[in-house]
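Worksheet: the structure to be examined is printed underneath.
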Amino acid sequence: MNEPTTGVIVAGAGPTGLTLAVDLARRGVSCRVVERAERPAGGSKGKGLQPRTQEVFDDLGVIGRVLGVATPYPPVRVRLGRVPVWQTRMHRPARATDAVPYPTVLMHPQWRTEAVLRERLAELGGKVEYGTALTGLDQDAHGVRATLGTGETVRARYVVAADGGKSPVRKSLGIGFTGETREEERAALADVRVEGLGRDHIHAWARPGKGFVALYPMAGTDAFQLLAPLKPGVEPEDTLAWYQRLFAERSMLRGVRLTELLWSSLYRVNIRLADHYRSGRVFLAGDAAHVHSPAGGQGLNTGVQDAYNLGWKLARVLAGAPEGLLDTYEEERRPVAAGMLGLSTDLHDRKSVKRDEETYQLSLSYRGGSLARHGGDRVPDGGVRLADGTQARMFDLLRGPHFTLLAAEPWSGGGPEVRAYRVAEPYGGERYTLIRPDGYIGISTSSADDLAGYLAMVV
């Protein structure tokens with residue numbers, strides 16, 4: 001009996017797996033998204049979308065749906081009972097500029113981020129297969145034979161494991177997950193409805209000897225995310241009554257009451273990085289490759305960037321580009337995750353609530369890598385004057401699955417994957433600047449031969 005075949009199997013339908021599936025679908029790559037859970041996950045969980053992630057969502061066609069609901073983080077107000085003791089902002093208010101159209105972190109519950117991406121995937125002809133675990137893998141030189149929990153076997157060219165920090169796929173491959181789990185640093189996390197509390201602040205209470213509790217008003221909902229660090233030995237109960245007692249004890253408030261428990265989880269601080277991002281034809285992405293402390297909101301966002309980096313490379317290799325292109329995924333993304341782990345761990349250890357441009361992921365660069373020829377940096381938005389005298393917006397030129405070439409003279413190489421624009425002035429001072437599909441400069445050169453050689457590696 002012939003096995004069904006597909007280009008890519010994506011294991012896991014969280015933000016990373018869905019971002020990858022959307023990117024592959026818009027490139028015409030056959031893809032199956034399998035998820036062991038029976039239904040979409042609930043919970044606000046990773047609730048902050050960094051500016052660079054918003055740029056990715058612009059390119060994928062979902063930013064309007066996000067902006068229609070998301071809001072900047074409101075101020076944080078810390079109280080002792082009803083007495084305010086401190087107020088601050090996590091992020092400096094910022095205005096959009098020509099170069100940075102999405103200047104600040106937005107609050108957007110994770111369940112809704114996933115819903116927006118699923119909706120976009122459906123528009124592109126894809127779907128998530130819930131209740132379908134990836135239970136076995138067998139690789140050869142030409143592909144992967146995947147066994148699903150339904151008993152079906154599927155032949156695929158590649159598999160991407162976006163199946164979370166406990167990734168069964170990573171474990172089956174024997175890839176180490178180096179780092180630490182801080183068992184003594186745990187927190188109760190829940191989505192709750194609250195009566196008697198305004199939504200114009202992030203509300204926090206600290207009671208000496210009892211502990212800390214915070215309520216974040218979730219954008220676009222009538223719910224709050226509750227966060228409460230736990231003392232060693234304390235085990236949360238998945239009941240409204242337990243959360244009501246915890247809140248009352250730590251806030252010392254009367255007249256404010258938790259009325260409904262929508263979702264809850266026990267969070268442990270994990271700080272880990274996979275020893276490798278690739279084993280043959282199987283790749284790790286998102287939490288399967290790196291897990292962070294929640295400080296700085298780097299986990300979900302770094303996973304989205306993983307998918308954005310890997311998607312175009314898989315598509316190009318499936319279309320005939322050299323297989324070595326896929327080696328650049330780990331080369332580029334693993335150092336970024338290591339840096340983000342260091343940043344989020346430092347913010348966690350210092351218990352800092354302040355955030356700045358370092359967490360926004362706009363300054364991340366692949367400079368020095370094998371795909372960066374006098375390039376590697378993110379291309380900012382802004383005006384571009386074309387040779388015919390018209391004015392264009394950079395992100396409008398970049399939006400889509402293609403490479404973008406800004407050239408001081410006509411260019412017809414690279415085929416349909418490359419959109420070439422003659423510009424009035426050399427971008428970056430060179431005759432040719434090739435921008436990768438993920439918005440980073442690949443090569444900037446005045447040599448047509450160098451440009452052609454680069455395109456041979458990636459197209």
Side-chain angles (χ1 to χ4, degrees), residues 4-35 37 39-41 49 52-70 102 108 110-132 134 146 148 154-163 283 285-286 300-301 303-321 326 329 395-404 415-419 436-439 459:
T5 59
T6 190
V8 181
I9 295 174
V10 178
T16 301
L18 289 168
T19 297
L20 179 60
V22 168
D23 199 22
L24 292 174
R26 70 174 181 155
R27 297 172 187 282
V29 174
S30 61
C31 172
R32 289 184 65 174
V33 185
V34 297
E35 168 57 57
R39 60 189 61 85
L49 297 180
R52 180 57 184 160
T53 298
Q54 295 169 51
E55 293 182 354
V56 173
F57 286 174
D58 180 319
D59 184 38
L60 296 181
V62 299
I63 189 61
R65 294 170 237 201
V66 170
L67 296 179
V69 171
Y102 310 109
H108 193 252
Q110 182 172 325
W111 65 263
R112 193 173 188 282
T113 297
E114 294 176 7
V116 163
L117 290 168
R118 281 195 307 274
E119 183 179 84
R120 180 65 176 136
L121 180 61
E123 292 170 354
L124 294 166
K127 65 177 182 178
V128 177
E129 299 175 43
Y130 286 101
T132 305
L134 180 58
L148 305 181
V154 185
R155 184 81 176 170
R157 291 280 300 278
Y158 298 98
V159 170
V160 179
D163 53 345
F283 299 83
L300 179 154
N301 294 275
V304 166
Q305 305 304 325
D306 289 344
Y308 197 51
N309 182 286
L310 182 57
W312 72 267
K313 296 174 181 178
L314 283 169
R316 294 316 315 142
V317 171
L318 286 166
L326 293 173
Y329 169 60
F395 277 14
D396 290 339
L397 301 183
L398 301 185
R399 192 177 296 107
H402 54 275
F403 290 82
T404 304
E417 300 302 323
V418 180
R419 291 187 186 174
R436 303 169 8 166
D438 57 357
V459 176

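When reading the values below, keep in mind they use all heavy atoms of this one structure, side chains included, and skip hydrogens, waters and symmetry mates.
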Under the side-chain contact (heavy atoms from CB on, under 4.5 Å) criterion, do His402 and Val418 qualify, and how do the steps go?
CA-CA 6 Å; His402 54 275; Val418 180; over 6 Å; no

Has Thr6 got a side-chain atom pairing as donor or acceptor with Ala156's backbone, closer than 3.5 angstrom?
no

Polar side-chain atom of Thr132 near backbone of Tyr130 as donor-acceptor pair, under 3.5 Å:
yes

Correct closest heavy-atom pair for Ala285 and Val160 would be CB-CG1, 4.1 Å

Ignoring hydrogens and geometry, is there a side-chain-to-backbone donor-acceptor pair from Asp59 to Gly400 under 3.5 Å?
yes

Which heavy atom of Asp306 sits nearest a heavy atom of Gly286, and at what distance?
OD2-N, 3.0 Å

Donor-acceptor pair, Thr53 side chain versus Leu49 backbone, under 3.5 Å?
no

Give the minimum heavy-atom separation between Leu300 and Pro15, together with the two atoms involved.
CD1-CG, 3.6 Å

Closest approach of Ala25 and Leu121, non-hydrogen atoms and distance?
CB-CD1, 4.1 Å

Would you please test Val116 and Phe57 for side-chain contact (heavy atoms from CB on, under 4.5 Å) and show each step?
CA-CA 10 Å; Val116 163; Phe57 286 174; over 6 Å; no

Side chain to side chain donor-acceptor pair (under 3.5 Å) partners of Arg52, counting only residues at least two apart
Glu55

Which residues share a ring-ring contact (aromatic ring centres under 6.0 Å, His included) with Phe395, sequence neighbours left out:
none

Is the shortest heavy-atom distance from the side chain of Leu134 to the side chain of Asp163 under 4.5 Å?
no

What's the verdict on side-chain hydrogen bond (donor to acceptor under 3.5 Å, both in side chains) for Asp58 and Tyr102, showing C-alpha distance, side-chain angles and the deciding distance?
CA-CA 10 Å; Asp58 180 319; Tyr102 310 109; 2.5 Å; yes

Those residues at least two apart in sequence (or on a different chain) that pass side-chain contact (heavy atoms from CB on, under 4.5 Å) with Trp312 are Arg27, Arg316, Leu325, Leu371, Phe403, Arg436, Pro437, Asp438, Val458

Considering all heavy atoms, the nearest Leu124-Val22 contact:
CD1-O, 3.7 Å

Atom pair OH/OG1 of Tyr308 and Thr19 - distance to nearest 0.5 Å:
10.5 Å

Is any side-chain heavy atom of Arg118 less than 4.5 Å from a side-chain heavy atom of Leu18?
yes

Are the side chains of Leu318 and Tyr158 in touch, meaning some heavy atoms are under 4.5 Å apart?
yes

Is any side-chain heavy atom of Arg32 closer than 4.5 Å to one of Leu148?
yes

What's the spacing between Gln305 CD and Asn301 CG if we round to 0.5 Å?
7.0 Å

Under 3.5 Å, side chain of Glu129 to main-chain N/O of Glu35, donor-acceptor pair present?
no

With side chains defined as the heavy atoms from C-beta onward, is the minimum distance between Arg419 and Leu397 less than 4.5 Å?
no

Where Asp23 and Gly311 come nearest, the two heavy atoms and their spacing
OD2-CA, 3.6 Å

Between Val33 and Lys127, is there a side-chain heavy-atom distance shorter than 4.5 Å?
no

Looking at side-chain heavy atoms only, is the closest gap between Val10 and Cys31 below 4.5 Å?
yes

Drop me the distance from Ile63's CD1 to Gln54's CD, to the nearest 0.5 angstrom.
5.0 Å

With the side chain counted from C-beta on, respond yes when Phe283 and Leu314 share a heavy-atom pair under 4.5 Å apart, and no when they do not.
yes

Tell me every residue that passes side chain to side chain donor-acceptor pair (under 3.5 Å) with Arg155, counting only those two or more places apart in sequence or in another chain.
Asp140

Quick one: side-chain contact (heavy atoms from CB on, under 4.5 Å) partners of Ala41, sequence neighbours excluded?
Lys45, Glu114

Sorted by chain and number, sequence neighbours left out, side-chain contact (heavy atoms from CB on, under 4.5 Å) with Ala162 holds for Thr16

Residues in side chain to side chain donor-acceptor pair (under 3.5 Å) contact with Glu123, at least two apart in sequence or another chain
Arg65, Arg120

